[in-house]
Amino acid sequence: GMDRDGFWPLAADTVLRWPAFADEIRRDLRLIKAMGFQVVRLHYFQLLGAIPAEVRQAYLDFLFGELRHVQLRALLDVFGTPEAIAGVVARYADVVEAVELENEILIWGIPLDRPVQWQQTYAAIKQVAPHVRVHLTGYNNTGIFNRLTVLGVPYDRVGLHQYADSVEAIPGLRGYALALGSFASKVGKPGVITEWNWRGLTRMSPAARAAIYPPIFENALSTRAVPEMFQFQFNETLAPNPYAGRGNLLRHYELVHLSRRPKLAAFELMKLIRRYSDEHDPVRRWEVPPVPAALARDGEGAARL
C-alpha cells in the first residue's frame with residue numbers, strides 16, 4: 001500500500017487502519033525505549049496530510065499517547081503552514097520536544113519564498129509551546145545559518161546531516177562534528193545532528209558492518225561537541241522498492257530488520273548510548289542485555305533477565 005516508489009512513501013493502510021497495527025506500533029516504541037533512545041524523529045510528518053482528518057487525528061492521539069506512556073519525546077520533521085504545525089504542537093506540547101522545519105531544505109540554499117514563512121512558523125510554535133525548539137538543517141554548510149540571520153529567520157539550534165560513503169571516509173566524520181560544534185559555539189546556539197550514518201556498504205556482511213559501526217558514531221560522540229544526535233533510521237522498510245532498486249543500494253543502514261530483530265550494528269549502538277548518555281540516565285544505571293525467547297505455537301514463551 002505504499003503511495004509512491006521512492007523516498008519517502010506513506011504506507012497509508014498503517015494509518016487508515018491503525019487499530020490493526022496498534023500492537024506493532026507499541027512494540028516498536030518499546031524497542032526504541034529499551035535501546036536507550038530518548039527522542040524519536042518523525043520523518044516527513046507532513047505525509048499524514050493525505051489521510052482524512054478524523055482518521056489522522058485518531059491515529060496521532062494514539063501514537064502520541066503511546067509515546068507519552070513509554071516516556072519518549074518527539075522531534076517533528078515537517079513542512080506545512082504555520083497554523084497547521086502550531087496546531088499539532090499545541091495538541092501534543094507535553095510530548096513534542098522540537099520541530100525541524102523542512103527536512104534538509106538548506107542543502108539547496110534558501111528559497112526566496114521561505115524566510116517569511118519560517119518567521120511566521122517559528123512565532124506560531126513559540127506562542128503555543130515556548131519550550132519547543134525550532135531549527136533548520138544543512139549538510140556541511142554551517143555558513144548558510146549566517147545568511148538565515150541576515151534574512152531575519154530565527155532558529156534555536158544549528159542542524160546538520162552527514163553520511164559516510166566509504167570506510168576511508170570514517171575518520172573525517174570527527175571533523176564534521178567539530179566544525180558543527182565550533183560554529184554553534186560562535187553563534188551561541190547548540191548544534192544538533194538529526195541524521196548520521198553510513199551508506200554504500202550494503203555488500204559487506206553484517207559482522208563486517210558491525211565492526212565499523214562504532215567508529216562512525218564515536219568519531220562524533222567522542223568530540224563532546226554536539227549535545228544531541230540522532231541515528232537515521234530505526235526500522236528497515238520497503239522504501240524505496242527493493243526490486244526497482246532506486247536508491248536501495250545506498251540503504252540498509254537501519255537498526256532492526258523487517259522482523260524487528262536487531263541487526264548486529266544495533267547492539268554496537270546500544271553500547272555507545274550507554275557510554276555517552278547522562279550518567280544519571282537509567283540506561284547507564286541498569287544494564288539488561290537483550291534476551292531471545294522462543295514462542296510456542298500458542299504464543300507463550302519465557303525470557304530470563
Are F45 and V88 close enough that some pair of their side-chain heavy atoms sits under 4.5 Å apart? yes
When you measure from the side chain of E97 to the backbone N and O of V40, does any donor-acceptor pair fall under 3.5 Å? no
Using a strict threshold of under 4.0 Å (side-chain N to carboxylate O), is an ion pair present between K271 and E268? yes
Quick one, Q38 and D281 - any side-chain contact, counting heavy atoms below 4.5 Å? yes
Are L10 and V55 connected in the hydrophobic side-chain network, where two residues link if heavy atoms are under 4.5 Å apart? yes
Sub-3.5 Å donor-acceptor pair from the side chain of W196 to the main-chain atoms of I216, do we have one? yes
Please check: side-chain N/O of Q46 versus main-chain N/O of E102, any donor-acceptor pairing under 3.5 Å? no
Going by heavy atoms in the side chains, are V78 and L42 under 4.5 Å from each other? no
Judged by atom type as modelled, is there a donor-acceptor pair below 3.5 Å linking the side chain of D77 to the main-chain atoms of Y44? yes
Looking at R26 and E66, is any side-chain nitrogen of the basic one under 4.0 Å from a carboxylate oxygen of the acidic one? yes
Is the side chain of D3 donor-acceptor paired with the backbone N or O of P9 at a distance under 3.5 Å, no angle test? no
Can you tell if the side chain of Q233 reaches within under 4.5 Å of the side chain of W8, non-hydrogen atoms only? yes
Checking side-chain polar atoms at under 3.5 Å, does Y176 have a donor or acceptor matched by the opposite partner on N219? no
With a 6.0 Å cut-off on the ring centroids, do F37 and F234 count as close? no
With a 4.5 Å limit on heavy-atom distance, are the side chains of I25 and F62 in contact? yes
Is the number of heavy atoms from other residues, nucleotides or ligands under 6.0 Å of R261 CZ greater than 12? no
Let me see the working for F217 and Y276 under ring-ring contact (aromatic ring centres under 6.0 Å, His included), right down to the final yes or no. CA-CA 11 Å; F217 281 82; Y276 288 99; over 10 Å; no
Test item: R133 side-chain N/O and A98 main-chain N/O as donor-acceptor pair under 3.5 Å: no
Could you please spell out the steps behind the salt bridge (charged side-chain N to carboxylate O under 4.0 Å, His left out) verdict for R260 and D28? CA-CA 8 Å; R260 296 319 197 248; D28 280 0; 2.9 Å; yes
Hey, are the side chains of M35 and Q231 touching, using non-hydrogen atoms and a 4.5 Å cut-off? no
Nearest heavy-atom neighbours spanning V192 and R157: CG2-NH1, 3.7 Å
Pairwise side-chain contact, H161 with N103, heavy-atom cut-off 4.5 Å (strictly under): yes
L72 backbone acceptor or donor facing K33 side chain under 3.5 Å: no
What I'd like to find out is whether the side chain of L106 reaches to under 4.5 Å of the side chain of L148, using heavy atoms alone. yes
Give a yes or no answer on whether the side chain of R284 reaches the backbone of S277 with a donor-acceptor pair at less than 3.5 Å. yes
